[in-house]
Amino acid sequence: MSPVFTAAILALALGSVAPGLQAADYKPEYRLSTVLGPAFPWGKAGERWAELSRQKTEGRINIRLYPGARLVGGDQTREFSAIRQGVIDLAIGSSINWSPQVRQLNLFSLPFLTPDTKALDALIKGPVGKELLAQVEQQGVVPLAYGENGFRELSNAQRAVRTPADLKGLKIRVVGSPIFSDAFTALGAQPVHMSWADLQAALVNGVVDGQENPLAVFNAAKLGGLGQRHLTLWGYMADPLIFAVNRQVWESWSEADRRAVREAAEQTAAENIIASRKGTGPGDEGLLKELERQGVTITRLDPGQRRVFKELTRPVFEKWADTVGRDLVKRAEAAIAAAK
Ligand code: X2X
């Protein structure tokens with residue numbers, strides 16, 4: 001008897017399969033996509049979600065991690081379509097990477113909308129966050145929880161950036177999501193679209209001068225060691241992650257197993273948010289201190305300096321607010337104001 005057949009009979013005998021469903025509908029292995037690997041909080045969350053799902057379903061749901069957006073050849077902005085099509089079974093994906101397909105997710109990329117973690121929490125834990133997950137669901141993908149890649153800070157190899165004039169002419173790698181091109185062009189930089197997979201070589205070879213990524217990513221990728229000596233904390237935008245499952249796969253699971261995978265996602269997401277924020281904020285600046293020890297110069301913008309960047313990117317904000325939906329943007333602004 002084949003092991004799959006044996007497992008099917010066993011599962012039926014144990015009553016662990018929903019009525020009308022065969023355990024044979026379960027795949028021996030499910031493919032989970034992330035952009036970053038286990039050296040980063042994001043990839044670690046992938047491992048953890050797989051481990052907890054396996055535990056909570058007593059081995060019925062077996063997940064293998066494919067970091068580097070490998071299932072789409074590293075082209076991270078195609079990840080969402082691939083989940084929809086079933087090339088990817090599960091993913092922990094960035095709001096940026098999925099925004100070309102789910103236009104409302106550009107909300108998080110509106111320049112200087114979300115000043116701090118309080119504001120971000122007000123969005124992802126409130127009605128705005130729910131509405132965005134509903135949009136993901138409407139596109140045929142089942143969202144389960146928000147995690148976090150983090151606040152994206154600006155680094156480069158040339159000079160400390162305090163004003164837009166300092167940024168002028170610098171080639172900055174951005175993700176292939178058009179709002180980033182618009183924003184960096186408005187700031188006087190030269191944005192260069194590139195996948196994460198190509199970034200490290202591009203920094204070493206001087207194809208680009210800089211990039212923007214959360215501090216935990218900057219540190220784990222050792223970008224300081226690749227010449228990224230200047231880091232500006234500007235609170236430009238935060239990048240949430242969404243835990244999600246392909247709809248057909250989700251519907252093939254029993255109620256109990258869906259609940260288990262959802263709980264695993266929620267638990268992992270909560271841990272992931274803590275890991276992504278560790279050492280970066282008021283009261284715990286351990287990661288910033290570590291980067292300084294590595295020779296990275298950290299520039300902090302005061303509110304006045306920040307306002308200059310914010311005002312320059314205002315037309316980009318306005319343009320993209322139409323894409324996101326004015327009403328949703330208004331509700332997001334109100335939620336952030338109320339959280340202050
Ligand atoms: O490509 C990036 O910069 C990364 C890893 O942060 C995302 O996938 C959005």
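First listed ligand is number 1; within each ligand, the first listed atom is number 1.
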Taking the side chain as everything from C-beta on, heavy atoms only, tell me whether P214 gets closer than 4.5 Å to E148. no
Heavy-atom distance under 4.5 Å between the side chains of L231 and T299, does that happen here? no
Find all atoms of ligand 1 within a distance of less than 4.0 Å from any non-hydrogen atom belonging to [X], and give their numbers and elements.
{"X": "N97", "value": "7 (C), 8 (O), 9 (C)"}
{"X": "V35", "value": "5 (C), 8 (O)"}
{"X": "S94", "value": "9 (C)"}
{"X": "Q76", "value": "1 (O), 2 (C), 7 (C), 8 (O)"}
{"X": "D239", "value": "9 (C)"}
{"X": "N149", "value": "6 (O)"}
{"X": "W42", "value": "5 (C), 7 (C), 8 (O)"}

Does at least one non-hydrogen atom of Q211 fall below 4.0 angstrom from an atom of ligand 1? no
Would N213 count as a contact of ligand 1 if the rule is a heavy atom under 4.0 Å away? yes
Quick check: does any side chain N or O of N205 sit under 3.5 Å from a backbone N or O of V207, one acting as donor and the other as acceptor? no
Side chains of N62 and R54 only: does a donor on one sit below 3.5 Å from an acceptor on the other? yes
Would you indicate which of E212, R173, M194 comes nearest to atom 2 (C) of ligand 1 when only heavy atoms are counted? R173
Answer yes or no on whether R314 is positioned over the face of F317, meaning its NZ or CZ is under 6.0 Å from the six-membered ring centre and within 45° of the axis. yes
So how far is it from W250 CH2 to D89 CG, rounded to the nearest 0.5 Å? 13.5 Å
Should Y236 and W234 be marked as a ring-ring contact (aromatic ring centres under 6.0 Å, His included) after you check the CA-CA gap, both sets of side-chain angles, and the distance that decides it? CA-CA 5 Å; Y236 163 76; W234 62 343; 4.8 Å; yes
